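Have a look at the structure below before the remarks.
Just so it is clear, the model here is predicted, and its values are computed rather than measured.
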Amino acid sequence: MLRQASRLLSRSVTAASSKSVTARAFSTELPSTIDSTFVESWKKVAPNMDPPQTPSSFMKPRPSTASSIPTKLTVNFVLPYASELSGKEVDMVIIPATTGQMGVLPGHVPTIAELKPGIMSVHEGTDIKKYFVSSGFAFLHANSVADIIAVEAVPLENIDASQVQKGLAEFTQKLASATTDLEKAEAQIGVEVHSAMNAALSG
């Protein structure tokens with residue numbers, strides 16, 4: 001009994017190792033043309049119908065990655081109602097990701113990052129432009145292009161500190177007196193956003 005179990009186990013391990021050696025290529029590494037063997041088999045079954053196309057047939061080729069890292073990062077910063085930066089070449093961008101402050105330089109690894117309320121700073125030489133963003137996403141591409149989409153954003157110098165303090169006090173009071181889950185959630189969001197703005201102004 002034990003001998004048979006050990007033989008079966010060794011067979012499964014050998015089969016698994018042989019499968020790992022013949023690993024499939026990534027979808028981006030596969031040829032874009034349809035497999036000729038599949039086309040021939042399809043014509044035998046349905047000679048009057050064109051062979052179906054796979055999703056990869058409709059995909060555009062992945063943009064080629066530069067052989068050397070560019071000296072500048074190209075930034076597109078858009079809002080639902082405006083385009084703040086379009087094709088702007090900068091040295092670095094620091095974004096408030098949910099995982100923490102993220103510095104983005106030319107040649108950054110491709111990443112999708114969710115944004116949280118905080119400061120986004122755009123560095124161009126000695127000039128630093130700061131925005132307060134409420135939320136959104138940042139798409140960092142392999143060709144040193146960063147697409148940053150925010151729900152709301154305002155230059156930091158345009159924020160009124162007195163209004164931030166007033167709003168923080170109001171939402172803190174609402175959170176303390178909230179009786180329903182909806183009221184608590186709305187008040188909590190208000191507290192978090194105004195706290196982040198207050199920290200941005202004081203920092």
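Residues passing the salt bridge (charged side-chain N to carboxylate O under 4.0 Å, His left out) test with Lys116, sequence neighbours excluded: none. Applying the side chain to side chain donor-acceptor pair (under 3.5 Å) rule to Glu192 yields the partners Gln188; only residues at least two apart in sequence or on another chain are considered. For Ser177, there are no side chain to side chain donor-acceptor pair (under 3.5 Å) partners at least two apart in sequence or on another chain. Lys72 is linked by a side chain to side chain donor-acceptor pair (under 3.5 Å) to Asp91, counting only residues two or more places apart in sequence or in another chain. Residues meeting the salt bridge (charged side-chain N to carboxylate O under 4.0 Å, His left out) test with Glu114, sequence neighbours left out: none. Not a single side chain to side chain donor-acceptor pair (under 3.5 Å) links Gln163 to another residue, sequence neighbours left out.
Applying the side-chain hydrogen bond (donor to acceptor under 3.5 Å, both in side chains) rule to pairs touching residues 95-106 yields nothing, sequence neighbours excluded. Sorted by first and then second residue, the pairs that involve residues 133-142 and meet side-chain hydrogen bond (donor to acceptor under 3.5 Å, both in side chains), not counting sequence neighbours, are His141-Asp147.
A continuous path of Ile, Leu, Val, Met, Phe, Trp and Tyr side chains, each step under 4.5 Å between heavy atoms, connects Leu85 with Leu79, placing both in one hydrophobic cluster. Follow the hydrophobic side-chain contacts under 4.5 Å out from Val78 and you never reach Val122; the two are in separate clusters. In the hydrophobic clustering of this structure, Val191 does not group with Ile189; members are Ile, Leu, Val, Met, Phe, Trp, Tyr whose side-chain heavy atoms approach within less than 4.5 Å, directly or through other members. Cluster annotation: Leu115 and Leu140 are assigned to the same hydrophobic cluster (Ile/Leu/Val/Met/Phe/Trp/Tyr, side-chain heavy-atom contacts under 4.5 Å, transitive). Cluster membership for Val193 and Val164, using ILVMFWY side-chain heavy atoms within less than 4.5 angstrom, is shared.
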List the steps and the verdict of side chain to side chain contact (heavy atoms under 4.5 Å, CB included) for Gln165 and Asn198.
CA-CA 7 Å; Gln165 293 288 344; Asn198 188 46; 2.7 Å; yes
Let me see the working for Glu186 and Lys174 under salt bridge (charged side-chain N to carboxylate O under 4.0 Å, His left out), right down to the final yes or no.
CA-CA 9 Å; Glu186 290 177 345; Lys174 288 181 180 180; over 6 Å; no
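The hydrophobic cluster of Val109 has no other members, since no ILVMFWY side-chain heavy atom comes under 4.5 Å of it. When hydrophobic side chains of Ile, Leu, Val, Met, Phe, Trp and Tyr are connected at separations under 4.5 Å, Ile94 ends up clustered with Met92, Leu105.
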Cut-off 3.5 Å, no hydrogens considered: what does the side-chain donor-acceptor table look like for residues 151-162, sequence neighbours left out?
| from | atom 1 | to | atom 2 | distance (Å) |
| --- | --- | --- | --- | --- |
| Glu152 | OE1 | Tyr81 | OH | 3.2 |
| Glu157 | OE2 | Lys129 | NZ | 2.8 |
| Asp160 | OD1 | Ser162 | N | 3.1 |
| Asp160 | OD1 | Ser162 | OG | 2.7 |
| Asp160 | OD2 | Ser162 | OG | 3.3 |

Give every donor-acceptor pair under 3.5 Å between a side-chain atom in residues 38-49 and any protein atom, sequence neighbours left out.
| from | atom 1 | to | atom 2 | distance (Å) |
| --- | --- | --- | --- | --- |
| Ser41 | OG | Thr37 | O | 3.0 |
| Trp42 | NE1 | Met49 | O | 3.0 |
| Trp42 | NE1 | Asp50 | O | 3.4 |

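Minimum heavy-atom separation, Ala142 to Pro110: CB-CG, 3.7 Å. Shown here for Pro106 and Pro70, the closest heavy-atom pair between the two residues is CB-O, 3.1 Å. Between Thr74 and Glu89, the shortest heavy-atom distance links the atoms OG1-CG, 4.0 Å. Pairing each heavy atom of Met120 with each of Ile95, the nearest pair is CG-CG2, 3.9 Å. Nearest heavy atoms, Ala200 versus Phe132: CB-CD1, 4.3 Å.
Here the side chains of Ile119 and Pro96 are not in contact, with every heavy-atom distance at 4.5 Å or above.
Asn76 places a side-chain N or O within donor-acceptor distance of the main-chain N or O of Gly87, the cut-off being under 3.5 Å. Glu183 places a side-chain N or O within 3.5 Å of a backbone atom of Thr179 that can act as its donor or acceptor partner. Listed for the His108 side chain is no donor-acceptor partner under 3.5 Å among the backbone atoms of Val104.
One finds the OG atom of Ser195 at 4.5 Å from the CG atom of Leu168 (value rounded to the nearest 0.5 Å).
Classification of the Phe77-Tyr131 ring pair by plane angle, with boundaries at 30° and 60°, yields perpendicular.
Counting heavy atoms of neighbouring residues, nucleotides and ligands inside a 6.0 Å radius, atom CG of Asp181 does not exceed 12 of them.
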